[in-house]
Amino acid sequence: MQNPVLSQQQNQEKQLVAAAALRWVQDGMQVGLGSGSTAAYFIFFLGEAVRAGKLRVEAVATSLVSENLARQAGIPLFEPRKGTRLDLTVDGADELDAELRLIKGGGGALLREKILATASRRVLILADSSKVVPQLGRFPLPLEVVPFALPWVLDTLEKLQANPILRSDRQNTNEAARTDQENLLVDCHFVQLPDPAQLARQLEAIPGVVAHGLFLGLAHTALVAQGEQVLVYKPGEAPRSIAEFIELP
Ligand code: 5RP
């Protein structure tokens, strides 16, 4: 079950937080399933618990890849309806700061990830130790862009000094990467990202940008692995060991 692209420590840390996240899942919950390697470990562990009859849940996934993983793991999937509020979404992140502001979308699933995070009562983020930063901005900020709008989106991004780069498909690098919605991905390389909220507003004002990877005020809790320890992060609070919690925050 190891992801061969990651270091052994990263793999171990991702598995550690993914297993710990099961404590947040209660019987009968409707759960949002994130995307990426850490979320994949969570889907695997959740599937084990479901198949063993320890948990009954139904889920909706943030990407077609995660949807397939959930199916293989034996997690029942459901079709969201008007009025659906998920009890919990569990997802990874590319970066997080002490306020639990996030950069997401490294795997290209940012639009559905934001939709499910917004439709959830609680959002739990899982991260290995490499993801915590003092200030967001080291990781390129992904945007999902409607293909028709690309030239004008790139012009506007250049004015914002975003140093935008159209993401290539991993398998066929001559082709542009496509999202599950068949849109394009643009990675922005800002030199600095001092005011994420202002930048989010600027990006949301660009016609054709369907989603940006800044997740502000959406995450309630993060589990971050530091070696063999799991730390619980809440926005603006000092991280505490998971061992301190009887009631889960
Ligand atoms: C996908 C994401 C992922 O959550 C993010 O890229 C983290 O991935 P990983 O768990 O593989 O480090 O935002 O769009």
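None of these values were measured; they are calculated from a predicted model. As the structure lists them, so they are numbered: ligands from 1, and atoms in each ligand from 1.
At a heavy-atom cutoff of 4.0 Å, ligand 1 is contacted by the side chain of Asp91 but not by its backbone.
In this structure, the side chains of Val65 and Ser35 stay at 4.5 Å or more apart for every pair of heavy atoms. Considering only heavy atoms from C-beta on, Val60 stays 4.5 Å or farther from Thr84 through its side chain.
Ser130 and Asp128 form a side-chain donor-acceptor contact under 3.5 Å, judged by distance and modelled atom types alone.
For atom 7 (C) of ligand 1, the nearest non-hydrogen atom from the set Ala93, Gly213, Gly106 belongs to Ala93. When the heavy-atom distances from atom 9 (P) of ligand 1 to Ser37, Ala18, Gly34, Ala109 are ranked, the shortest goes to Ser37. Scanning Ile125, Leu110, Asp94, Val17 for the heavy atom closest to atom 5 (C) of ligand 1 points to Asp94.
If you check which protein heavy atom lies closest to atom 2 (C) of ligand 1, you get Glu113 OE2, 3.2 Å. The protein atom (non-hydrogen) at minimum distance from atom 10 (O) of ligand 1 is Thr38 OG1, 2.5 Å. The protein heavy-atom contact nearest to atom 8 (O) of ligand 1 is Gly36 CA, 4.0 Å. Closest protein heavy atom to atom 12 (O) of ligand 1: Lys131 NZ, 2.5 Å. Of all protein heavy atoms, the one closest to atom 3 (C) of ligand 1 is Ser35 O, 3.2 Å.
When atom types are taken as modelled, the side chain of Glu58 and the backbone of Phe78 share no donor-acceptor pair closer than 3.5 angstrom. Between the side chain of Lys234 and the main chain of His220, a donor-acceptor pair closer than 3.5 Å is present.
Within the listing of ligand 1, atoms 4 (O) sit less than 4.0 angstrom from a heavy atom of Gly92. Of all atoms in ligand 1, listed by their number and element, those nearer than 4.0 Å to a heavy atom of Lys14 are 9 (P), 10 (O), 11 (O), 12 (O). The contact set between ligand 1 and Gly105, taken as ligand atoms under 4.0 Å from a residue heavy atom, comprises 2 (C), 13 (O), 14 (O). Distances below 4.0 Å separate heavy atoms of Gly108 from the following atoms of ligand 1: 14 (O).
The shortest N/O to N/O separation between Ala39 and ligand 1 does not fall below 3.5 Å.
Other residues, nucleotides and ligands contribute more than 12 heavy atoms inside 6.0 Å of the CD atom of Gln226.
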Using atom types as modelled, flag every donor-acceptor pair under 3.5 Å from a side chain in residues 208-216 to any protein atom, sequence neighbours excluded.
| residue | atom | partner | partner atom | Å |
| --- | --- | --- | --- | --- |
| His212 | ND1 | Lys114 | NZ | 3.3 |
| His212 | ND1 | Leu214 | N | 3.2 |
| His212 | ND1 | Leu214 | O | 3.4 |
| His212 | NE2 | Glu204 | OE2 | 2.7 |

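Here the options are Asp169, Leu184, Leu185, Asn183, the test is side chain to side chain contact (heavy atoms under 4.5 Å, CB included), and the partner is Arg178; only Leu184 passes.
Val31 and Val50 fall within a single hydrophobic cluster, where Ile, Leu, Val, Met, Phe, Trp and Tyr side chains are chained together by heavy-atom contacts under 4.5 Å.
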